Amino acid sequence: MIKVGHNLKFDIKVLYKYDIDVVEPLYDTMVAHYLINPDMRHNLDTLSESYLNYTPISIESLIGKKGKNQKSMRDIPIEEVTNYASEDADLSFQLKQIFDEGLKSNGVKQIFDDIEIPMIKVLSDMEKEGINIDSKYLNKLDIEFEKELNTLKKEIFNQSGEEFNLNSPKQLGNILFDKLKLVSKPKKTKTGQYSTSEEVLSNLANNHEIIRSILEWRSLDKLQNTYVRSLPNEVSDKTNKIHTRFNQTVTTTGRLSSNNPNLQNIPIRTKNGQKIRKAFIPRNSKFELMAADYSQIELRVIASISKDENMIDAFIKNQDIHTMTASKIYNVDPDEVTREQRGNAKTVNFGIIYGVSAFGLSQQTNLTRSESKLMIDNYFENYPGLKTYMSSQIDYARNKGYVETIMGRRRYLQNINSQNGMLRSGAERNAINAPIQGSAADIIKIAMIRIHNEFQKQSLKSKMLLQVHDELVFDVHNSEKELVKKIVKTTMESAVKLDVPLRIDLEFGKNWLEAH
DNA sequence: GAAGTCACG
DNA sequence: ACGTACGTGACTTCA
């Protein structure tokens, strides 16, 4: 019997608490509408108004306005709740009839049936599983960070000659640019305030000692507030684990997002950041964490869909793509590519995925704008297939009004024919980026569904816990290490057939940092 | 609630 | 000539 609902993942998780396992087939109208138009809002009230011309009973009329006086559903007479809940079910059922048509006419029925609907149970299971963290360790880290922050704060106030609120960009801007007059023409934000962003401050690092201290204080303060102090508060009393929520209908490209807390932006790039990653641990001593991430998935996707022979060749030969790119654009032997050349090539490769501009590239490198332009021209001469592909994407978007991923997921581009040049070029960058980012999302979702199925089929103790766009994190029982490794590696690498191989890196560890 | 900033892919 | 990298979520300040 098919279960129709709006945001079924929520219902599934509630019912799970009462030991009720909701079995497929499922039909989720929130997910359906996300595929029909990912850019729009997908809440039931809005959809009901725009598709059914009906304004539902508001939740606020039942339990009151948001705030501390808001009642709970428990406090409401059963008759009222019944009325509200049945309307909810009815609306979702009515929307189904409409979205059935929409899914078909938009060509997204298959991705709905084969990817997004199966993902609901995969994500429900990941969320209810949760991940273990070492709160004691984080509390120790808090003390360590606190000491360092105090030292830095004293230095900063000494150097600025007065105390102020370091968290206030406004006050900081006044100190740096009015009082200390670090530059004659400070960069402003769009509201006219002095910009004190990391990007601006880094460029001033040699102008005054205070800058280094501020940058260090900023990054440490961020880590302390967002992770070290917050994560322990997110641990569930019932399970002793952190249960993030994976949003399936938020991004415009098909990626997931994660919140409450966000576990897709746990630090890794800095030394201090890595200390935080160490706090993510297996559930007990019989388990280890295992992380498996796709290597260069977005570049492999663009190589394959653009059919560019040079880029395909590099991936088939399993060469370092950034080194190969540097070798081509600087016209030197791969062995003679310098660190700087490889670094620049890497930036261009990323730029390609985002829809490069000479300006953007010059911002990200130490190249001038004209050097950047030469670099890009040179790039396209060496990867001519990419240039052709990119213009064909833009043409396609202009004609059809949307672009699509390898699995047919669409993104509509309202501004692709706009008279406003800025809006138009923004849409053009989306026309290039969305199919790449979105295809990578399709691929990892397919892998997740198959891995989840296989784990269930074999009744494994090991569990999939997290997805971070191109990475999956597992809690693996010691007795299943080899088996799980094989299932995950094979499934991820064979999720789809491209013109280039898909490769993954996979490691075990006693924490998330070690598994990376 | 918007703006600014910064953590991640 | 003009403003620009793609996609997110969380925290703090300030009007």
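Below, chain A is the first sequence line, B the second, and so on; all start at residue 1. Keep in mind that the numbers below use all heavy atoms, side chains included, and drop hydrogens, waters and symmetry copies. Everything quoted here is computed from the prediction, not taken from an experiment.
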Side-chain donor/acceptor of Q437(A) to base of dC6(C), under 3.5 Å: yes

Whole-Å P distance, dT4(C) and dG4(B): 13 Å

Could you tell me whether I268(A) contacts a base, only the sugar-phosphate backbone, or nothing, with contacts defined as non-hydrogen atoms closer than 4.0 Å? sugar-phosphate

Quick check: on DNA chain C, is the nucleotide nearest F359(A) upstream (toward 5') of the one nearest P261(A), or the reverse? Name the residue that is more 5'. F359(A)

Assign each of N259(A) and G351(A) to its nearest nucleotide of DNA chain C by heavy atoms, then name whichever residue's nucleotide is nearer the 5' end. G351(A)

Looking across every strand, which nucleic acid part, if any, lies under 4.0 Å from V356(A) by heavy atom: base, sugar-phosphate, or nothing? base

Closer than 4.0 angstrom, basic N to acidic O: yes or no for R229(A) and E146(A)? yes

Check whether any side-chain N or O of S357(A) sits under 4.0 Å from OP1 or OP2 of dA5(C), and answer yes or no. no

OP1 or OP2 of dA15(C) under 4.0 Å from side-chain N/O of K170(A): yes

Any base atoms under 4.0 Å from S362(A), or only sugar-phosphate, or nothing? Heavy atoms, all strands. nothing

Taking only side-chain N and O atoms of R229(A), does any of them lie within less than 4.0 angstrom of OP1 or OP2 on dC11(C)? no

Would you mind pulling out the nucleotide paired to dG4(B), Watson-Crick or G-U wobble, both distances under 3.5 Å? dC11(C)

Ion pair check, D395(A) and R398(A), cut-off under 4.0 Å: yes

Please confirm whether any donor atom in the side chain of R429(A) sits under 3.5 Å from an acceptor in the base of dG7(C), or the reverse. no

To the nearest 0.5 angstrom, please state how far the CD atom of Q296(A) sits from the CG atom of D505(A). 9.5 Å

Test item: R300(A) side-chain N/O and S295(A) main-chain N/O as donor-acceptor pair under 3.5 Å: yes

To the nearest 0.5 Å, tell me how far K400(A) NZ sits from R410(A) CZ. 7.5 Å

Can you figure out which of dT8(C), dA5(C), dG9(B) approaches the side chain of Q364(A) most closely? dA5(C)

Shortest side-chain distance from T189(A), nucleotide among dA7(B), dG4(B), dG9(B): dG4(B)

Establish whether the base of dT12(C) is bridged to the side chain of R218(A) by a donor-acceptor pair shorter than 3.5 Å. no

dT5(B) and dA5(C), which share atom name P, separated by this distance in whole Å: 14 Å

So which nucleotide from dA7(B), dT4(C), dT8(C) ends up closest to the side chain of L223(A)? dA7(B)

